Novice: 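Pasting a structure below so you can have a look.
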2 protein chains.
Amino acid sequence: MKQYDHPCAADFTVTQILHALSDPFRLSIVRRLAVLQPQPCAPLQAGRPKSSVSHHFAVLRAAGVLRTEVVGVTHMNSLREPELDSRFPGLLAAILAACAVENRDDEAELNPFVATQPA
Amino acid sequence: MKQYDHPCAADFTVTQILHALSDPFRLSIVRRLAVLQPQPCAPLQAGRPKSSVSHHFAVLRAAGVLRTEVVGVTHMNSLREPELDSRFPGLLAAILAACAVENRDDEAELNPFVATQPA
DNA sequence: CCAATAGTTCGATAATAGTGGAACTATTAG
DNA sequence: CTAATAGTTCCACTATTATCGAACTATTGG
């Protein structure tokens with residue numbers, strides 16, 4: 001039964017976290033996990049080869065963004081939200097909120113009739 | 001009289017901003033500017049060759065993080081805080097706050113007698 | 001034990017980013 | 001006009017990251 005190394009919260013660094021989240025694919029993984037958690041890797045692959053997906057998960061783990069727990073044959077991922085928030089309060093929330101803003105733009109672009117007024 | 005291109009706030013992207021700020025040198029520039037603003041490039045060089053400094057400023061400009069205004073012979077830099085905040089509310093603040101946390105650690109490491117209690 | 005599943009690790013290659021010297025540009029001071 | 005200043009641009013080089021196939025590992029189901 002193999003498990004993973006996860007840095008402890010005190011060792012998280014701002015630059016490592018920002019770098020981990022500055023990649024569109026990795027950021028999309030984090031956004032999905034923020035909504036539905038925990039989740040195995042497979043549904044987040046988005047058509048990429050497994051080795052590439054595995055690499056991006058490793059980057060996110062190393063930055064402390066997520067935790068991977070081996071549960072039977074699947075590896076369950078969850079955001080390390082409590083630890084992230086205790087170390088850097090509000091950081092993850094602000095980034096996710098920023099993604100939501102960006103996403104709202106995309107919807108507006110696809111369909112100009114929605115989302116001119118927020119609600 | 002040459003001026004620079006600055007993207008407009010609506011074109012800022014989360015990944016570009018996070019990437020721009022994921023470099024320690026660039027992040028240090030932003031942290032200095034957050035305190036003392038506007039400022040020319042020279043005092044922020046930290047001993048690096050000018051071409052390298054110029055490159056990092058260009059990355060920050062392209063991401064929308066700062067604005068460079070040609071004022072006489074110097075180029076004055078300032079954070080685009082209002083625009084950043086209107087586009088991604090709280091994002092810059094959260095990142096700067098996270099830096100402050102990290103910095104507090106460093107001080108504690110250098111001198112264990114201060115900073116065990118915040119004040 | 002065997003096959004299937006889920007994901008990792010390795011290794012080569014490609015792409016992206018950072019570095020730093022040298023020549024260049026714009027502005028001001030003399 | 002000339003020199004000095006502040007920074008940019010260009011270019012070659014290095015270093016870091018990402019990509020993806022193939023072989024590997026751990027776990028479960030039959």
Side-chain angles (χ1 to χ4, degrees), chain A residues 1-7 13-30 32-33 36-78, chain B residues 1-7 13-30 32-33 36-78:
Chain A
M1 172 155 92
K2 158 167 197 205
Q3 293 294 353
Y4 292 88
D5 279 347
H6 296 99
T13 68
V14 176
T15 50
Q16 223 183 339
I17 292 174
L18 296 186
H19 170 253
L21 299 180
S22 71
D23 177 89
F25 178 54
R26 288 194 294 259
L27 190 53
S28 80
I29 290 172
V30 169
R32 295 285 222 86
L33 284 179
L36 186 56
Q37 201 179 8
Q39 224 178 135
C41 304
L44 302 161
Q45 289 200 179
R48 289 175 198 240
K50 297 200 289 181
S51 51
S52 181
V53 173
S54 203
H55 161 68
H56 289 295
F57 271 97
V59 171
L60 289 167
R61 264 196 307 269
V65 174
L66 55 78
R67 178 185 305 283
T68 307
E69 219 81 67
V70 178
V71 175
V73 77
T74 74
H75 298 197
M76 284 308 226
N77 301 287
S78 41
Chain B
M1 172 155 92
K2 158 165 198 206
Q3 295 293 352
Y4 291 88
D5 279 348
H6 295 98
T13 68
V14 176
T15 50
Q16 224 183 337
I17 291 174
L18 296 186
H19 171 253
L21 299 180
S22 71
D23 178 89
F25 178 54
R26 288 195 293 260
L27 190 54
S28 80
I29 290 172
V30 169
R32 296 283 222 87
L33 284 179
L36 186 56
Q37 202 179 9
Q39 223 178 137
C41 303
L44 302 162
Q45 289 199 180
R48 290 175 196 240
K50 298 200 289 181
S51 51
S52 180
V53 174
S54 203
H55 162 69
H56 288 295
F57 272 97
V59 171
L60 289 167
R61 264 197 306 270
V65 174
L66 56 79
R67 177 185 305 285
T68 307
E69 219 80 67
V70 178
V71 175
V73 77
T74 74
H75 298 196
M76 284 309 227
N77 302 286
S78 41

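Only this structure's heavy atoms are used, side chains among them; waters, hydrogens and symmetry mates stay out. Predicted model, so just to flag it, every value in this text is computed and none were measured.
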Novice: Applying salt bridge (Lys or Arg N to Asp or Glu O under 4.0 Å) as the test, list every pair that has at least one member in residues 63-75 of chain B; sequence neighbours left out.
Specialist: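 Qualifying pairs, neighbours excluded: B/R67-B/E83.
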Novice: Starting from P on C/dA17, measure out to CZ on B/F57 and report it in whole angstrom.
Specialist: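 To the nearest whole Å, that distance equals 19 Å.
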Novice: What's the CE-P distance between A/M76 and C/dA6, to the nearest Å?
Specialist: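 It is 12 Å, rounded to the nearest whole Å.
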Novice: Measure from CG on A/N77 to C1' on C/dT8 and round the result to the nearest Å.
Specialist: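 Going from A/N77 (CG) to C/dT8 (C1'), I get 13 Å.
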Novice: Starting at the 5' end of nucleotides 9-24 of chain D, put B wherever the base has a protein heavy atom under 4.0 Å, S where only the sugar-phosphate does, and a dash everywhere else.
Specialist: B--------SBBBB--
Novice: Check side chain to side chain contact (heavy atoms under 4.5 Å, CB included) between A/P40 and all other residues, then give those that pass, not counting sequence neighbours.
Specialist: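 A/P43, A/T74, A/M76.
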Novice: Please report, rounded to the nearest Å, how far the C1' atom of D/dG7 is from the CD atom of B/Q39.
Specialist: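 So the CD-C1' distance, B/Q39 to D/dG7, works out to 15 Å.
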Novice: Minimum heavy-atom separation for B/S22 and A/H19, please, with both atom names.
Specialist: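 Result for this residue pair: CB-N, 3.4 Å.
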Novice: Expressed in angstrom and rounded to an integer, what is the separation of A/E69 atom CD from C/dG7 atom P?
Specialist: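 My rounded result for the distance is 14 Å.
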Novice: Using whole Å, report how far CD of B/Q16 lies from C1' of C/dA17.
Specialist: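 So the CD-C1' distance, B/Q16 to C/dA17, works out to 14 Å.
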Novice: Suppose we screen for side-chain hydrogen bond (donor to acceptor under 3.5 Å, both in side chains). Which residues come up paired with B/T68, at least two apart in sequence or across chains?
Specialist: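 Applying side-chain hydrogen bond (donor to acceptor under 3.5 Å, both in side chains) to B/T68 gives B/R61, B/N77.
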Novice: For residues 44-58 of chain B, which residue pairs pass the side-chain hydrogen bond (donor to acceptor under 3.5 Å, both in side chains) check, not counting sequence neighbours?
Specialist: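 For residues 44-58 of chain B: B/R26-B/H56.
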Novice: The criterion is ring pair (Phe, Tyr, Trp, His ring centres under 6.0 Å); which residues satisfy it with A/H75, sequence neighbours excluded?
Specialist: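 Ring pair (Phe, Tyr, Trp, His ring centres under 6.0 Å) check on A/H75 returns A/Y4.
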Novice: Of the options D/dG7, C/dT5, C/dT8, whose atoms approach the side-chain atoms of B/H75 most closely?
Specialist: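 Output: D/dG7.
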